[in-house]
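Numbered from 1 within each chain, the chains take letters A, B, ... in sequence-line order.
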Amino acid sequence: MRIAFLGTPEFALPSLEMLRTIGHTLAVFTQPDRPVGRHATLTPPPTKAYALEHDIPVFQFEKIRLPEGVAALKDFAPDLMVTAAFGQLLSAENLAIPRLGCINVHGSLLPKYRGAAPIQWAIIDGETETGVTTMMTAIGMDTGDILLVDQIAIDPDETAGELFERMAVLGAETLRRTISALEAGTLIRIPQDESQATKCPMLKKEHGKLDFSQSCASVHNRVRGTNPWPGAYAMLGDEVLKIHKTQKTDHAICEEPLGILKGSAKSGLFVRCADGWLEIVELQATGGKRMRAKDYLLGRSLEGKVLL
RNA sequence: CGCGGGGUAGAGCAGUUGGUAGCUCGUCGGGCUCAUAACCCGGAGGUCGUUGGUUCAAGUCCAUCCCCCGCAA
């Protein structure tokens, strides 16, 4: 088949690779190169880099809904369109181009966690299970009919980055099964139950701000759900302290103020949350490298200081 | 040339007005203890990121380059 692949970040790579390996004729449509890093170096999206390596034609549009995007799609004349973390909304005109329609790979058990960062939000919310859903792309935000679903368990200490990798691989498998069912004519479309639908917002920097008036579990989930991006943090005086990794403890609590720190290079670093002490395992001070909290404490003490 | 912090022992840091480099941990050896994230004694380990300059003397001042990181995007 001729397949137009619309995807941008790492999450889309395993799916793209799967399609190439199977031997479909591909074209990649992705976001324009973006400035990245301290010197704002213009960087191509991962799917573009992959496509270039494998001689797959690449098209980049700010908005594929606009006439040039539509024209490019029509020009490629795809049988099928596949989207995976594309990052742009499609128009009815876009969707009408491929004869077999458009399939989306989404990182949640729809209709829950519609939106931009379903994997992270599932972890932040403390979910123990999530999954990949393939669906017929519709005009709304992840509202199309469900095709296939694969569930996956979330490890209690798993970070969003780790789950991302596993789900990207799973997503490719779910997509493979979906397409082969499509070719076999055995796909069943199941409308989403709107009453069960939830939407999650795009993740912003502020979503990484920790709140120690919450439970240890909530703070821990926030830390792993925002790792590696945007990263969890708290204020230590007027400096930002990034917190990369935490661990639950069973330390007894008294009347300590929330957010207060205790510990040493030997024992480790602990912060007081609503219902207990949470160990801070890895952190990063402003201007410093990411390091184990115990290493950080070799050079300076945080005993009695308070995180806000 | 977007703003800013930093490169000193294996690790994390300190180093005051320029004058033979310190702290905590680890490590090695010895001791003590029922035991310990315990304690005591002793040792090894650094041409202080690069290159050049100022000076009787530079980790410390100046210049340059390399590398790491936070913010912003």
Side-chain angles (χ1 to χ4, degrees), chain A residues 7-11 30-49 60-63 85-89 115-117 120 157 159-161 164 201-212 216 219-220 222-254 256 259-273 276-308:
Chain A
T8 304
E10 283 82 359
F11 180 77
T30 188
Q31 304 259 27
D33 294 5
R34 303 290 188 198
V36 167
R38 239 178 302 278
H39 300 292
T41 317
L42 216 52
T43 305
T47 44
K48 178 185 178 183
Q60 295 173 282
F61 298 103
E62 199 64 57
K63 289 188 178 180
F86 180 44
Q88 289 184 30
L89 294 174
Q120 292 92 326
D157 292 316
T159 65
F164 237 101
M202 188 152 37
L203 223 42
K204 291 182 190 165
K205 210 101 186 185
E206 305 86 79
H207 288 121
K209 177 78 167 62
L210 296 178
D211 176 1
F212 298 105
C216 287
V219 175
H220 181 65
R222 176 71 58 165
V223 170
R224 61 201 188 91
T226 56
N227 179 306
W229 195 90
Y233 67 94
M235 299 308 295
L236 181 64
D238 55 1
E239 296 226 307
V240 173
L241 188 73
K242 287 193 167 190
I243 294 173
H244 293 294
K245 186 175 180 184
T246 54
Q247 190 168 54
K248 294 173 189 167
T249 75
D250 52 6
H251 290 211
I253 53 175
C254 294
E256 303 90 356
I260 194 168
L261 295 164
K262 71 167 184 178
S264 68
K266 289 262 184 183
S267 62
L269 180 63
F270 304 88
V271 62
R272 179 67 152 81
C273 300
W277 291 93
L278 187 67
E279 177 170 9
I280 296 174
V281 180
E282 283 185 13
L283 54 71
Q284 182 170 22
T286 304
K289 291 186 181 181
R290 171 178 185 154
M291 67 180 80
R292 299 189 320 137
K294 288 180 180 179
D295 287 335
Y296 182 81
L297 293 180
L298 288 174
R300 57 183 104 183
S301 172
L302 292 178
E303 186 80 40
K305 298 196 173 164
V306 176
L307 288 178
L308 291 177

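If you measure from atom OH of Tyr233(A) to atom P of C71(B), you get 10 Å, rounded to the nearest angstrom. Separating the NZ atom of Lys204(A) from the P atom of A72(B) is a distance of 13 Å, rounded to the nearest angstrom. In this structure, CG of Leu269(A) is placed 17 Å from P of C25(B), rounded to the nearest angstrom. Per the geometry, NZ belonging to Lys294(A) stands 18 Å off C1' belonging to C13(B), to the nearest Å. Distance CE (Met291(A)) to P (G6(B)): 14 Å, rounded to an integer number of Å. Counting to the nearest Å, the C1' atom of A14(B) and the OH atom of Tyr296(A) are 14 Å from each other.
Shown here, U51(B) forms a base pair with A63(B); the pair counts as Watson-Crick or G-U wobble because both key distances fall under 3.5 Å. Under the Watson-Crick or G-U wobble criterion, with both distances below 3.5 Å, C34(B) is left unpaired in every strand shown. Applying the Watson-Crick and G-U wobble criteria (two distances, each under 3.5 Å), G22(B) pairs with C13(B). Base pairing of G4(B): its partner is C69(B), meeting the Watson-Crick or G-U wobble criterion (both donor-acceptor distances under 3.5 Å). The nucleotide A57(B) finds no pairing partner, because no Watson-Crick or G-U wobble arrangement with both distances shorter than 3.5 Å includes it.
Applying the side chain to side chain donor-acceptor pair (under 3.5 Å) test between Glu282(A) and each of Arg290(A), Arg292(A), Gln247(A) identifies Arg290(A) as the sole match.
Atom CG of Leu278(A) and atom NE2 of His220(A) lie 7.0 Å apart (nearest 0.5 Å).
When the nearest nucleotides of RNA chain B are assigned to Leu297(A) and Ser264(A) by heavy-atom distance, the more 5′-ward of the two goes with Leu297(A). Closest-nucleotide positions on RNA chain B for Ser267(A) and Lys205(A) were compared, and the one nearer the 5' end corresponds to Ser267(A).
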Worksheet entry | side-chain contact (heavy atoms from CB on, under 4.5 Å) assessment of Glu303(A) paired with Lys262(A) | CA-CA 5 Å; Glu303(A) 186 80 40; Lys262(A) 71 167 184 178; 3.6 Å; yes
Item to complete: Go through the steps for Asp33(A) and Lys48(A) under the test salt bridge (Lys or Arg N to Asp or Glu O under 4.0 Å), then give the verdict.
Response: CA-CA 9 Å; Asp33(A) 294 5; Lys48(A) 178 185 178 183; 3.2 Å; yes
Worksheet item: What do the steps show when you test Glu206(A) against Arg222(A) for salt bridge (Lys or Arg N to Asp or Glu O under 4.0 Å), and what is the final call?
Response: CA-CA 11 Å; Glu206(A) 305 86 79; Arg222(A) 176 71 58 165; over 6 Å; no
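Across all strands shown, Lys242(A) has heavy atoms under 4.0 Å from sugar-phosphate atoms exclusively, and none from any base.
Residue Gln284(A) has no polar side-chain atom (N or O) positioned under 4.0 Å from OP1 or OP2 of C69(B).
Taking only side-chain atoms of Lys266(A), from C-beta outward, the nucleotide of C25(B), C68(B), C13(B) with the closest atom is C25(B). Candidate nucleotides G12(B), C68(B), C13(B) were compared by shortest atom distance to the side chain of Arg300(A), and C13(B) ranks first.
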